[in-house]
Amino acid sequence: MAAVEETLQQIRSVTNERYKYGFVTDIEQETAPKGLDESTIAFISAKKEEPAWLLDWRLKAFRRWQEMPEPNWAKVSFPPIDYQDAYYYAAPKQKVAPNSLDEVDPELLRTYEKLGIPLDEQKVLAGVVAVDAVFDSVSVATTFKAKLAEAGVIFCSISEAVREHPDLVRKYLGSVVPTSDNYFAALNSAVFTDGSFVYVPPGVRCPMELSTYFRINAQNTGQFERTLIIADAGSYVSYLEGCTAPQRDENQLHAAVVELVALDDAEIKYSTVQNWYPGDENGVGGIYNFVTKRAACRGRNSKVSWTQVETGSAITWKYPSCILQGENSVGEFYSVAITNNRQQADTGTKMIHIGRNTRSRIISKGISAGRSDNTYRGLVRMLPGADNARNFTQCDSLLIGDQCGAHTVPYIESRTPTGQVEHEATTSKVSEDQLFYCRQRGIDEEEALALIVNGFCREVLQVLPMEFAVEAQKLVGISLEGSVG
Amino acid sequence: MLEIEDLRAEIDGKEILKGVSLSIGPGETHAIMGPNGSGKSTLSYVIAGRDGYEITGGSIRFLGEDLAEMEPEERARAGLFLAFQYPLEIPGVTTTTFLRTALNAHRKARGEDELDPMGFIKLVRAKTRALGIADDMLKRPVNVGFSGGEKKRNEVLQMALLEPRLAVLDETDSGLDIDALKVVADGVNALRDPQRSTLVITHYQRLLGYIVPDHVHILAGGRIVRSGGAELAEELEARGYAGVVPEAA
């Protein structure tokens, strides 16, 4: 038994991730008064010089939120959140809105450089990725806007979209995730501060990857971003979001809403590499990541693909979903969720089949280490009329050590006699035998573990956009290793 | 090359090796034979440094270094290779990736540059051709869905690639048909040279018809009870363990 214990110790020590992004940027900031009431919302709305309809929309959401109970069905536990003990708006102080990168506070640019996100267009090789950088409550910069505009693609912060493209925003905002959808979505609708907006016009294939990089910096501040992506008929866009936060002892709330709309023959590929601060090995601090992500495949032959690599956050509560309304529409969900130490993740997807011949595919890979808990929760629903709908689900769990938990909770509801639903699930452990085999070939223990875990996630990692696949692969290694390759 | 002196080892508090002494010189091929439960596999694991196998007495030196002080990966990089009786499966990791990772770990330890994927493919293709192994195996995940014969061929391929100073073959012949046995034996024989040594651990004499040993040792009850030349294996085959070493029966 001594040997088993030793190996566990070893794994424990290598799994104590050293979080690379835990630094704080020292910058003068402007905040709303602490707490949340209608005046806070009016403050946010005024700061953003929003039209009356949007303030109204926010206030309605707020009133609904006040009547709603916090959900408690997820397999996560945390002390009650005091919603009055937080700031709902924090923005770096800046005299005027920057017109170009030269006007952005250099301290902010340095922060993104440290995070490996170059905002300087010249430094981005061949310009394959356009970036919108969101720092606490505001978008600080969006790159390659001019180049995208040539193709007719709108890529800007949601605040700017409200000003510049009000018709599009008004038409689609809340059309996929209604303000009263759930507790955290209602809260987001009331207080959302910034986020990204994308519109791809009919027949346009977006010429580069779009990416938003979210950074929480301010203390005691919630981040509530709102992302809205519309792919018009026959268009295609690939979008990636990344996130990090400083290392702090208190928990911070991140309650985002992401809405995707795909019209006829349109395709959206949405990839997430989530690396919020997960808390320390005793579970102190870390981000509460309570996020609502949903796609409406409204058009015929439309397709939405969610790919997520979740390694951060103290608690994750997240179910990127697809409403498959258009005939022949396709929804995909590829997920790697890694939990370590005291992290808790309750994540999965919902595939709602409404149209005929709709298809969905779910590949979920959960990896638990330390004393963490990792739950896959997924719903496949086929409504009457979803003739010949098909779903394939595969849920695999990998355990490292013997103090962690993996849970799979699939819900299947089929109300169409011609629907086909397949579900496969496996649970396995990284065995000492496998590790020894690798080590006998000269591969050290940390590298062996990363190799085995990457192999386990392969099906998901290979659908990530190429530019990010390597990074994600490294992140998988780092979050389990504690040493950078 | 390998000097084992009065080695005692236990697992879970139970003594399995009760004073084993063995000396393997450069270029030599030794065979250890013995009935089930005699400690053959334990000996190979102790040499390779598997967790849970506690050395309680005596010593093992490899190329002059004390193996007890080295991690399994350090022993491997120093030139010690163990062909597993039951090679492990690693789902999702292609054989190519696994082999390249292993080879680069060795190269790094020697202070050499890592091989890029293209350079590596060239090298590994030369090896598979020489061994008569189908390239298709390289694209498949390590040992997943491999037949018994394919797994053992994969072990030999790894050995050919890593070019160890000492190869320990743990019951490599178990479950092999005659064709696979020949591939394995050819691979091992191709590596034989005055600087490399081989330790074949086996229950049966069969493999020794293809890999002819210089020395044969019989392990029984945790001790080497008899040593001799290749003829000892034949004697065993004819008379059985009970006839040759009555105390082992």
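Lettering of chains follows the sequences in order, A, B, ..., and the numbering in each one begins at 1. Side chains included, hydrogens not; waters and symmetry mates left out as well; all remaining heavy atoms used.
Note: A:G455 leads A:C457, A:S428, A:G455 in heavy-atom pairs under 4.5 Å with chain B.
The contact between A:R458 and chain B is made entirely by side chain atoms (from C-beta outward), counting heavy-atom distances below 4.5 Å. Interface residue B:L162: only side-chain heavy atoms are found under 4.5 Å from chain A. For B:R50, the parts lying near chain A are the backbone and the side chain together; criterion is any non-hydrogen pair under 4.5 Å. Contact of B:P87 with chain A is made through backbone and side chain together, with heavy-atom distances under 4.5 Å. B:E74 does not touch chain A: none of its heavy atoms, backbone or side chain, sits under 4.5 Å away.
At a threshold of 4.0 Å, the pair A:R441-B:E155 counts as salt-bridged, since one of the basic side-chain nitrogens sits closer than that to a carboxylate oxygen. At a threshold of 4.0 Å, the pair A:D444-B:K108 does not count as salt-bridged, since none of the basic side-chain nitrogens sits closer than that to a carboxylate oxygen.
A:Q462 CD: more than 12 foreign heavy atoms inside a 6.0 Å radius. Residue B:D136 places its CG atom among more than 12 non-hydrogen atoms of other residues, nucleotides or ligands, all under 6.0 Å distant. More than 12 non-hydrogen atoms from other residues, nucleotides or ligands lie less than 6.0 angstrom from CZ of B:R107.
Taking CG from A:N454 and OG1 from B:T97, the interatomic distance works out to 10.0 Å, rounded to the nearest 0.5 Å. Rounded to the nearest 0.5 angstrom, B:L88 CG and A:E432 CD are separated by 11.5 Å.
The distance between the ring centers of B:Y86 and A:Y437 does not fall below 6.0 angstrom.
Within the 4.5 Å cutoff, side-chain heavy atoms of B:D51 are placed close to those of A:R439. Proximity of B:I90 to A:C438: side-chain heavy atoms (C-beta onward) are separated by under 4.5 Å at one or more points. Contact of the B:P91 side chain with the A:F456 side chain is not registered, since no non-hydrogen atoms from C-beta on lie closer than 4.5 Å. Within the 4.5 Å cutoff, the side chain of A:I452 has no heavy atoms near those of the B:V93 side chain.
Within the 3.5 Å criterion, the main-chain N or O of A:G442 finds a donor-acceptor partner in the side chain of B:R77. Under the 3.5 Å distance criterion, the side-chain polar atoms of A:Q434 are matched with a main-chain donor or acceptor of B:E89. With hydrogens and angles ignored, the 3.5 Å screen pairs a side-chain donor or acceptor of A:Q440 with a backbone N or O of B:L80.
The shortest heavy-atom contact between B:P72 and A:F436 is CB-CE1, 4.2 Å.
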Taking it one step at a time, do A:E447 and B:T101 satisfy side chain to side chain contact (heavy atoms under 4.5 Å, CB included)?
-> CA-CA 9 Å; A:E447 201 178 352; B:T101 308; 3.4 Å; yes
